[in-house]
Amino acid sequence: MAKHLRYLILLLILLFVAVNEALNKMRTTSWDHPLWVRIYAVNGDGRSATDQYIDRLEARDFDAIEKFVNREARRYGVSIDAIDVEYNGRLQSHPPQPPSGQSVLENIWWSLKFRAWAAQRAWNSDADSGDIELFVSYYDTATTQSLRHSAGLQGGLIGIINAFADKSYRGSNQVVIAHEMMHTLGAKDKYDAANLPIYPQGFDAPYRQPLYPQTRAEIMGGRIPISALNAKMPQNLGEVSIGIYTAAEINWPIDAQ
Ligand SMILES: [Zn+2]
């Protein structure tokens, strides 16, 4: 009996989350007012080099994300600024990291923990919480060669980004932050198991001749297609666009195109 009750409670929580997300999605993709995106920094590895990097972070380290999304939104005919990005400084508590495996249950469990963590953080904070909250966890390049996955909750309006605490990664960190932010609005990944952008939806210019090499990455395709078998990471958001499929997923007016 107790077990059945536990399942019932879990089901009710999931139902509540699903309804909440559907409402969020309607509210955040109406594009009649700018969405407030708030970014927080976390020291992911506890190293002092990472601390020093975070000490030097300021609003302009994230400006490119706002400029990128607003530029792309205008291209689709959104007449206002789509987003307003602000850097809200450093947090002491750490968001729960997404599971490394593919287990659906583990992922559901993690997404609930992450939601609870973010809700509690907002509750305990005096600062205004944004429409979208992104938590960037930084790692020292001297001891971390590869980062854990970043994850934006699809429609959940919160995301965790694992990033390198190094100036030379500023541009690519911005690309990852923008990608996860798009997830929180309901955009889906457009690359395959080999990390190659899927044709046509993961391409910036899918109908250009010749098709290769492309000059930009589509934000959810992730990489710039060089040939049918090769793609490279964009260095910064200047090499990225928001394609028509992604635009449709976040409810931008694509008929203007
Ligand atoms: Zn993704």
Side-chain angles (χ1 to χ4, degrees), residues 1-30 35-46 88 90-139 144 146-163 176-177 179-195 198 201 220 222 246 248-251:
M1 191 61 206
K3 199 173 174 187
H4 284 128
L5 192 63
R6 275 214 308 264
Y7 277 123
L8 183 65
I9 290 171
L10 184 61
L11 273 177
L12 284 174
I13 292 173
L14 291 176
L15 182 69
F16 174 78
V17 166
V19 170
N20 198 31
E21 264 172 24
L23 291 174
N24 273 342
K25 168 111 183 140
M26 275 194 284
R27 186 174 59 84
T28 55
T29 56
S30 57
L35 290 178
W36 286 13
V37 179
R38 298 295 176 255
I39 295 178
Y40 302 85
V42 178
N43 184 333
D45 53 15
N88 268 13
R90 176 199 311 242
L91 294 180
Q92 294 309 329
S93 79
H94 291 226
Q97 284 284 346
S100 40
Q102 298 288 317
S103 154
V104 173
L105 271 181
E106 267 181 34
N107 265 296
I108 290 175
W109 181 233
W110 165 75
S111 81
L112 290 177
K113 275 196 298 189
F114 185 25
R115 282 188 176 87
W117 178 88
Q120 196 188 23
R121 193 215 63 78
W123 180 262
N124 290 329
S125 161
D126 298 331
D128 64 77
S129 46
D131 296 302
I132 299 174
E133 301 201 298
L134 303 173
F135 306 96
V136 187
S137 194
Y138 287 96
Y139 293 83
T144 299
S146 71
L147 294 164
R148 294 178 66 138
H149 285 293
S150 298
L153 290 191
Q154 211 125 292
L157 306 179
I158 50 174
I160 174 168
I161 292 93
N162 290 312
V176 180
I177 295 170
H179 175 101
E180 300 307 335
M181 193 207 74
M182 297 300 287
H183 271 312
T184 74
L185 290 169
K188 296 187 172 65
D189 279 328
K190 295 171 181 65
Y191 56 83
D192 64 17
N195 283 329
I198 295 169
Q201 57 268 44
M220 305 312 287
T246 300
E249 285 163 355
I250 62 169
N251 207 26

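Values below: all heavy atoms of this structure, side chains included; hydrogens, waters and symmetry mates excluded.
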### Task
Specify the closest pair of heavy atoms between Glu249 and Ala187, including all atoms of both residues, with the distance to one decimal.
OE1-CA, 3.4 Å

#### Entry: For Ser150, side-chain contact (heavy atoms from CB on, under 4.5 Å) partners two or more places apart
Ile161, Asn162, Val176, Glu180

### Message
Test of understanding: with ring pair (Phe, Tyr, Trp, His ring centres under 6.0 Å), list the residues that count as partners of Tyr191, not counting sequence neighbours.
### Response
none

### Task
Specify the closest pair of heavy atoms between Gly101 and Asn107, including all atoms of both residues, with the distance to one decimal.
O-ND2, 4.0 Å

### Message
Do Leu15 and Leu11 make a side-chain contact, defined as non-hydrogen atoms from C-beta onward lying under 4.5 Å apart?
### Response
no

### Task
Would you please classify the geometry between the Phe114 ring and the Trp110 ring as parallel, tilted or perpendicular, with 30° and 60° separating the classes?
parallel

#### Entry: Donor-acceptor pair, side chain of Ser125 and main chain of Ala122, under 3.5 angstrom
no

### Spacing of OG1 belonging to Thr246 relative to NE2 belonging to His179, to within rounding of 0.5 Å
9.0 Å

### Query
Excluding sequence neighbours, so at least two apart, what forms side-chain contact (heavy atoms from CB on, under 4.5 Å) with Ser111?
Arg115, Leu153

### Task
Identify the two heavy atoms, one from Thr184 and one from Ile158, that lie closest to each other, and give their separation to 0.1 Å.
CG2-O, 3.4 Å

### Task
Go through the structure and list residues passing side-chain hydrogen bond (donor to acceptor under 3.5 Å, both in side chains) with Arg27, not counting sequence neighbours.
Asn24, Asp131

### Summary
OG1 (Thr29) and CG (Leu35) are apart, to the nearest 0.5 Å, by 8.5 Å

### Task
With sequence neighbours excluded, tell me which residues meet ring pair (Phe, Tyr, Trp, His ring centres under 6.0 Å) with Tyr138.
Tyr53

### Query
Does Arg121 make a cation-pi contact with Tyr40 (under 6.0 Å, within 45 degrees of the axis)?
yes

### Task
Please report the shortest heavy-atom distance between Gln201 and Lys190, naming the atom on each side.
O-CD, 3.3 Å

### Task
Measure across His94 and Trp117 and return the closest heavy-atom pair with its distance rounded to 0.1 Å.
O-NE1, 3.2 Å

### Query
For residues 92-105, which residue pairs qualify under salt bridge (charged side-chain N to carboxylate O under 4.0 Å, His left out), counting only residues two or more places apart or in two chains?
none

